[in-house]
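Working notes, structure below.
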Amino acid sequence: MDSRVQRIVAGLNPQQLEAVTHSGAPLLVVAGAGSGKTRVLTSRIGYLIASGRAAPGQILAITFTNKAAREMRERLESALGGSAIRTMWVSTFHSACVRILRSEHDALGMRSTFTIYDAQDAQRLMKLVCREENIDIRAHPPKSLSRRVSDLKNDLVTPEQAADDAADQDSQVLAHAYAAYQIRLRQANAMDFDDLIMSTVDVLRSHPDVADHYRRRFRHILVDEYQDTNRAQYELVRALTGTAEDDNHGELTVVGDADQSIYAFRGATIRNIEDFEKDFPEARTILLEQNYRSTQSILSAANGIIANNSGRRPKRLWTDRGDGEKIVGYVADSEADESAFVVSEIDRLRDDAGISYGDVAVFYRTNAQSRAVEDMFVRSGIPYRVIGGTRFYERREIKDALAYLHAIVNRDDTVSIRRILNMPKRGLGAKSEEAVAMHAARWDVSFGAALCDVGDPHPERGPVSGIGKKASATMAGFVSMLESGREMAEAGAAPDAILDFAMEESGYLDMLRSSDDPQDESRLENLAELHSVAVDFHKANPDATLADWLDQVSLVSDADQLADGDEGEVTLMTVHTAKGLEFPVVFVTGLEDGTFPHMRSLIDPAELAEERRLAYVAVTRARQRLYITRAAARASWGAPQEFPPSRFIEEIPDSLIDWRRSESSADAMRRSGGRTGTWGSGGRRRSESFGGGYGDELDDGPVVGSGKGFVPGKLGVDAAKQKRRGKQAGAARGANRSGAANASAGVGESVSDAAAGSPGLGAADGAGPNAGPSVPDTYGLAVGDSVVHKSFGRGKIVAFEGTGRNTTARVTFSSGQTKRLALRFAPLEKI
DNA sequence: CCCCAAGCTTTTTTT
DNA sequence: AAGCTTGGGG
């Protein structure tokens, strides 16, 4: 055997080996979390090439993110050598489609310079469409229309079909908007994300010669994360592979795990993986159940959660690595409290367990939750990095800068041109813009073409009416500036040079430089960052054009920005972004019904099942240590609201969990203060006697499931006020609550040892039955004291808020600003 | 046409 | 709480 082949298959377990060497029939690899999925995929490609069964150019590998693609390339490069992989396609669905569409633009009926619109651009265009088509944007918000159009495209529904299927008036409006939007999109020589897939399918279906060309080329198609493909992507795969009846069909390998399907909201359908054997009757299926990532405790927790989803193919992850540490649980009073626990644990792990910051990840359900964690990290001096959130490429200044470049590359790009027409301000307001738009509509040309008619009237269309002399001249100048950029691009100037030109020439940089808004300073920094991205790109790809760079930039994802080997920083991200990653230590935060599972999923069993898969993904990211935390109250838009424990916590066998704190202060007070237990105690999880495992869960299950759905608005109570009001208010609220949140009602009676006894952060005031009324702990400070803060300087304490260890001081600093600071953390010193 | 202030929506998750 | 849109005044 070839030594390269030997090296590739060495160390694979029997199932992995079979998956790697399988030949012929379509192959489905059902790969549980951490079962070596990526390794199988990479090894299979390596094996195909090393064994001579395929040439590199015959391989198309689809990954979920650009980062995954990059990693796969790197691995293959070291296994096979750099030249072997040059002709191979390893990319995301979207990148692969762009590549196909750019070269098949003739079949598509578009110019190859088309712009790719992101969701934001698409919404802007939809808004323009609504205005022009007189669609009532109150009854039909552009945002929602845009989303629904996206859904339609993911299902390959054309505007005509949508119109045919429209039963009610609402769907008719949608179909109308869709059709008009699509016309505008084409006129702007642009495609949105969903178009990229749908149009590629279109081209392949309607042009047999084109389809044939790609089928001959790609003899082996491999798709990762198959459970997250949508209808359009499925059809794309089918179109590229060909069917068994075609004599030149390729070999298909898909890898996935139905339990990790978390993108239904963007059209992904679990059906694709579940029905693979139906779609391809001769298919071979291989199960990978041995996990090489996590401890058994973590896997048992994951299994416990996912077992509650019905109708799944049974699968049980196992490992031979032993139980490992127990899962650590913590019930916090607030999100600040929760974050404080995370901080203290990270400190402890660094001291006692040799864990470094880079080993730790903190997950949350929604991006908004990162704030509380960040605040505490900043105060504690823990270095961290947030992945996602307000994405770099969605920042206003970045979108503006890129709009200039898009307008240069694609003179018909309506959304980009209209975005920058008066940015920076040039005195071209809504009125002039509207005049150009009218002209464009009147002659059925793009906005960009109409804009050219202002200074340089088209022989047939004539000049644009309704524009003043001054505006006219400004517009002509604007057009000629873009034209100069275009000339640069055509002469082959580097992307960073054109960016430079556009930002200087347009006055955009001057606008920021002369601004006294402090935000504009960071905008300049961001633009400098963008510039260096362009420089790097040019260095790495000397022959690439501006359009190439824009393509790359248009298709980056959050996960892509995760640099490898960030040793010195804790990573913060949503669970969605965390998919496919792993960390020695993982904190899954916000495990509350209403947060995770998300509020909007609680009424729909299918959505709840997806949330559960999301929880499954979250816990299976952990290699050695898993923390699960929840906050009894959390600020969600403005005011703090109470949240009951996540039902997912209950689905983890309690024997696996070491509760550092198992009850919130409010719950403890409520429980000890009430005369009877009839109104139920909120926070207490199952008591020790319930720790046995599954039997109990079956009993709890229906109760949990029958919950009416949590209605947070009714329960919104200021937590601090609540505490001050004490027992009575607590009892009243408890009664109010039990109906809505019976997920947690009436189970535990006793306080666990952990809650009653543990020192440090866990021992909140009021946690024990004897704690009496809560009082602020002012750490020896008093109102009126002068203090000094590490970064804010000198100040005076104006007031105290909160109680016990959650006491905060309101401090007015010499700068004039007033801050609320948690005394437990704030570096405040009395002077 | 531009600026400012009041008021209103926003929280899923993302290629 | 914050960012964005809308409306009135300059």
Side-chain angles (χ1 to χ4, degrees), chain A residues 62-69 91-98 116-120 122-123 127 137-138 141-144 147 150 153-154 191-198 225 228-230 232-233 261-268 363-372 375 387-391 393-396 422 424-434 468 470-471 474 517 519 551 553-561 573-579 590 594-602 604 607 610-611 613-615 617-618 634-641 712 820:
Chain A
I62 302 286
T63 58
F64 197 67
T65 61
N66 292 302
K67 175 172 174 269
S91 69
T92 63
F93 270 110
H94 291 85
S95 302
C97 286
V98 168
I116 300 164
Y117 280 179
D118 66 13
Q120 210 185 100
Q123 266 173 47
K127 205 170 165 187
I137 61 165
R138 299 192 77 90
K143 194 175 169 183
S144 131
R147 224 205 85 95
S150 166
K153 289 183 176 181
N154 285 330
M191 307 202 116
D192 61 30
F193 275 138
D194 311 299
D195 264 345
L196 295 175
I197 313 287
M198 185 170 173
E225 308 282 10
D228 285 321
T229 53
N230 58 36
Q233 291 164 333
S261 167
I262 54 173
Y263 284 99
F265 68 90
R266 118 186 159 193
F363 298 159
Y364 33 79
R365 176 68 236 279
T366 62
N367 280 306
Q369 288 168 249
S370 78
R371 193 182 204 103
D375 280 354
I387 310 297
T390 4
R391 280 175 274 290
Y393 289 106
E394 284 172 16
R395 286 167 204 268
R396 200 200 321 162
N422 197 30
K425 300 264 184 314
R426 331 182 144 82
L428 298 177
K431 223 171 141 190
S432 336
E433 186 184 341
E434 203 47 46
K470 199 168 166 196
T474 313
D517 183 342
Q519 268 202 326
D551 266 1
V553 160
S554 299
L555 298 172
V556 291
S557 69
D558 284 344
D560 297 336
Q561 40 163 311
M573 64 185 125
T574 66
V575 182
H576 280 90
T577 310
K579 193 178 72 152
T595 307
F596 191 4
H598 193 271
M599 223 144 57
R600 297 181 57 158
S601 73
L602 295 180
D604 179 356
E607 285 188 44
E610 174 140 321
E611 296 285 313
R613 291 192 292 272
L614 198 52
V617 167
R634 179 179 297 279
S636 67
W637 42 138
Q641 304 201 323
R820 287 177 63 231

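Each chain gets a letter, A, B and so on, in the order its sequence line appears, and its residues count up from 1.
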So Leu428(A), base contact, sugar-phosphate only, or nothing? Heavy-atom distance under 4.0 Å. sugar-phosphate
With heavy atoms under 4.0 Å as the rule, sort Asn422(A) into base, sugar-phosphate or nothing. sugar-phosphate
Which nucleotide wins on minimum distance to the side chain of [X], given the candidates [options]?
X         : options                   : answer
Lys143(A) : dT11(B), dC3(B), dT13(B)  : dT11(B)
Arg266(A) : dT15(B), dT13(B), dT11(B) : dT15(B)
Lys127(A) : dT5(C), dT14(B), dT11(B)  : dT5(C)
Thr92(A)  : dT12(B), dC3(B), dT15(B)  : dT15(B)

Under 4.0 Å from OP1 or OP2 of [N]: is there any side-chain N or O of [X] that close?
X         : N       : value
Ser601(A) : dT12(B) : no
Asn154(A) : dT15(B) : no
Asn367(A) : dT14(B) : yes
Thr577(A) : dT14(B) : yes
Thr574(A) : dT14(B) : yes

What is the distance, rounded to the nearest whole Å, between atom [atom1] of [X] and atom [atom2] of [N]?
X         : N       : atom1 : atom2 : value
Asn230(A) : dT14(B) : CG    : P     : 16 Å
Met599(A) : dT10(B) : CE    : P     : 12 Å
Arg396(A) : dC4(C)  : CZ    : P     : 6 Å
Arg371(A) : dA1(C)  : CZ    : C1'   : 7 Å
Asn66(A)  : dT15(B) : CG    : C1'   : 9 Å
Met573(A) : dT14(B) : CE    : P     : 11 Å
Ile387(A) : dT14(B) : CD1   : C1'   : 15 Å
Tyr117(A) : dT15(B) : OH    : P     : 20 Å

If you take the centroid of each ring, where Trp contributes its six-membered ring, are Phe265(A) and His576(A) closer together than 6.0 Å? yes
Aromatic ring centroids of Phe596(A) and Phe363(A) under 6.0 Å? no
Which residue lies toward the 5' end of DNA chain B, Glu611(A) or Glu433(A), if each is placed at its nearest nucleotide? Glu433(A)
Mapping Arg426(A) and Glu394(A) onto DNA chain B by nearest heavy atom, which one lands closer to the 5' end? Arg426(A)
I'd like the C1' distance from dT11(B) over to dT6(C), given in whole Å. 23 Å
I want to check something: taking the side chain as every heavy atom from C-beta on, are Arg365(A) and Glu611(A) in contact at a cut-off of under 4.5 Å? yes
Can you confirm whether Arg426(A) is buried at CZ, in the sense that more than 12 heavy atoms of other residues, nucleotides or ligands lie under 6.0 Å from that atom? yes
Sorted by chain and residue number, the side chain to side chain contact (heavy atoms under 4.5 Å, CB included) partners of Ala635(A) (sequence neighbours excluded) come out as Glu335(A)
Is there aromatic stacking of Phe265(A) on dT12(B) here, judged by a ring-centre distance under 5.5 Å and a plane angle under 30°? no
Is_stacked (His598(A), dT12(B)) at 5.5 Å, 30 deg: yes
May I ask you to decide whether Lys431(A) forms a salt bridge with Glu434(A), counting only side-chain N to carboxylate O separations under 4.0 Å? no
Whether the side chain of Arg600(A) and the base of dT12(B) hold a donor-acceptor pair under 3.5 Å is what I'd like checked. no
